[in-house]
2 protein chains.
Amino acid sequence: MALTIGEMGKATNTKIETIRYYEKIGLLPKPARTSSNYRDYGQAELGRLSFIRRSRDLGFSLDKVRALLGVSDEKSCNCAGIDRIASQHLLEVDRKIADLRALRRELKAVIDSCDGGTVAECRIIEALGPVAST
Amino acid sequence: MALTIGEMGKATNTKIETIRYYEKIGLLPKPARTSSNYRDYGQAELGRLSFIRRSRDLGFSLDKVRALLGVSDEKSCNCAGIDRIASQHLLEVDRKIADLRALRRELKAVIDSCDGGTVAECRIIEALGPVAST
DNA sequence: TATGAGGCCTGTAGCAACTACAGGGTCAAG
DNA sequence: CTTGACCCTGTAGTTGCTACAGGCCTCATA
């Protein structure tokens with residue numbers, strides 16, 4: 001039941017320093033301490049940290065994670081708040097995917113414009129810099 | 001022909017501070033100065049800055065941009081180096097797109113699991129934190 | 001000629017979200 | 001009783017900028 005910070009880290013794939021950082025910025029509560037001043041975590045903290053890490057993996061900023069936690073901390077709150085944050089994030093993800101796809105096309109064009117010869121014959125540099133005129 | 005830092009910025013959609021920052025970290029050379037100590041740029045610098053910005057837009061890190069510039073600075077070098085960097089970057093972009101798509105699926109699942117009721121009935125929190133047992 | 005708005009200068013400090021020390025205390029095994 | 005792995009605090013570094021503060025310079029207009 002009692003967990004050290006290292007065990008928390010292993011369980012959630014989080015560096016120790018990151019956990020302390022989350023505590024410092026108030027995402028994680030200050031935990032109990034053992035007699036030797038070690039942090040002493042329970043399941044609740046583990047759950048909270050899992051939630052944070054999972055949200056981070058999904059690309060939520062720490063600020064959004066804080067908002068999500070805030071919403072979920074008020075027990076009686078309806079989950080429309082969470083839904084709103086997540087839906088908005090979905091839009092951002094879609095936009096990011098579209099951007100990356102456009103970028104991919106351009107990158108491919110850049111690579112294809114290189115025939116393996118020397119820079120003098122290669123168009124990559126010009127393809128990236130709209131300089132041309134001197 | 002002569003450009004102020006502000007004109008450079010406008011031409012490449014770059015903030016003045018960013019240009020000075022590129023100079024500080026050695027991506028841009030220290031330019032000539034006017035009698036009143038203003039930076040005095042020419043077409044070569046404009047081209048270089050364009051290249052940097054374009055590469056950044058394509059998601060290359062400043063370190064990779066530096067590598068690209070290094071390769072292109074050696075006139076006789078074949079462009080295989082550039083091609084290698086760009087191809088590797090393309091792989092990263094593809095990976096990122098795949099990740100985002102997986103994320104999108106998960107986000108969608110999270111959103112769908114919310115029926116607009118209260119948190120008590122909503123599965124979003126549990127969906128994100130693998131805690132369950134207490 | 002003066003004056004006001006805008007541009008430029010240097011230098012430092014701040015942002016996110018960590019990560020990496022330095023310099024120490026603690027604990028369990030052999 | 002010592003060794004090595006863990007933990008503690010606190011500070012400074014990372015990337016790629018961005019935002020001041022405090023001060024010149026320049027140009028158009030009154």
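Just so we're on the same page: letters track the sequence lines, and every chain starts at 1.
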Residue-phosphate contact under 4.0 Å: A:Arg39 side-chain N/O, D:dC8 OP1/OP2: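 So the side chain of A:Arg39 is within the cut-off, an N or O lying under 4.0 Å from OP1 or OP2 of D:dC8.
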Under the side chain to side chain contact (heavy atoms under 4.5 Å, CB included) test, residues paired with [X] that sit two or more places apart:
X: B:Asp63; value: B:Ser61, B:Arg66
X: A:Thr4; value: A:Glu7
X: B:Ser35; value: none
X: B:Lys108; value: A:Leu90, B:Arg104, B:Asp112

Is the shortest heavy-atom distance from the side chain of [X] to the side chain of [Y] under 4.5 Å?
X: B:Leu62; Y: B:Tyr21; answer: yes
X: A:Tyr38; Y: A:Ile5; answer: no
X: A:Leu49; Y: A:Met8; answer: yes

With [X] via salt bridge (charged side-chain N to carboxylate O under 4.0 Å, His left out) - residues at least two apart:
X: A:Arg53; result: none
X: A:Glu23; result: A:Arg39
X: B:Asp40; result: none
X: B:Arg56; result: none

Strand-adjacent residues in residues 5-13 of chain B, judged by heavy atoms under 4.0 Å from DNA chain C: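 Nucleic-acid contacts, sorted: B:Ile5, B:Gly6.
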Contact list for DNA chain C against residues 16-25 of chain B - heavy-atom distance below 4.0 Å: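 Hits under 4.0 Å, by residue number: B:Ile16, B:Arg20.
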Start and end of the DNA chain C segment that chain B contacts, any atom under 4.0 Å from a heavy atom: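 Range of nucleotides within reach of chain B: C:dG7 to C:dT10.
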Interatomic distance, B:Tyr22 atom OH to B:Leu28 atom CG [nearest 0.5 angstrom]: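 It is 8.5 Å, given to the nearest 0.5 Å.
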From B:Ile19 atom CD1 to B:Thr12 atom OG1, the distance as rounded to the nearest 0.5 Å: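 Rounded to the nearest 0.5 Å, the CD1-OG1 separation comes out at 5.0 Å.
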Spacing of B:Asp63 atom CG relative to D:dT14 atom P, expressed in whole Å: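 It works out to 12 Å between those atoms.
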Within residues 26-38 of chain B: residues closer than 4.0 Å to DNA chain D (heavy atoms):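 Contacts with DNA chain D under 4.0 Å: B:Ser36, B:Tyr38.
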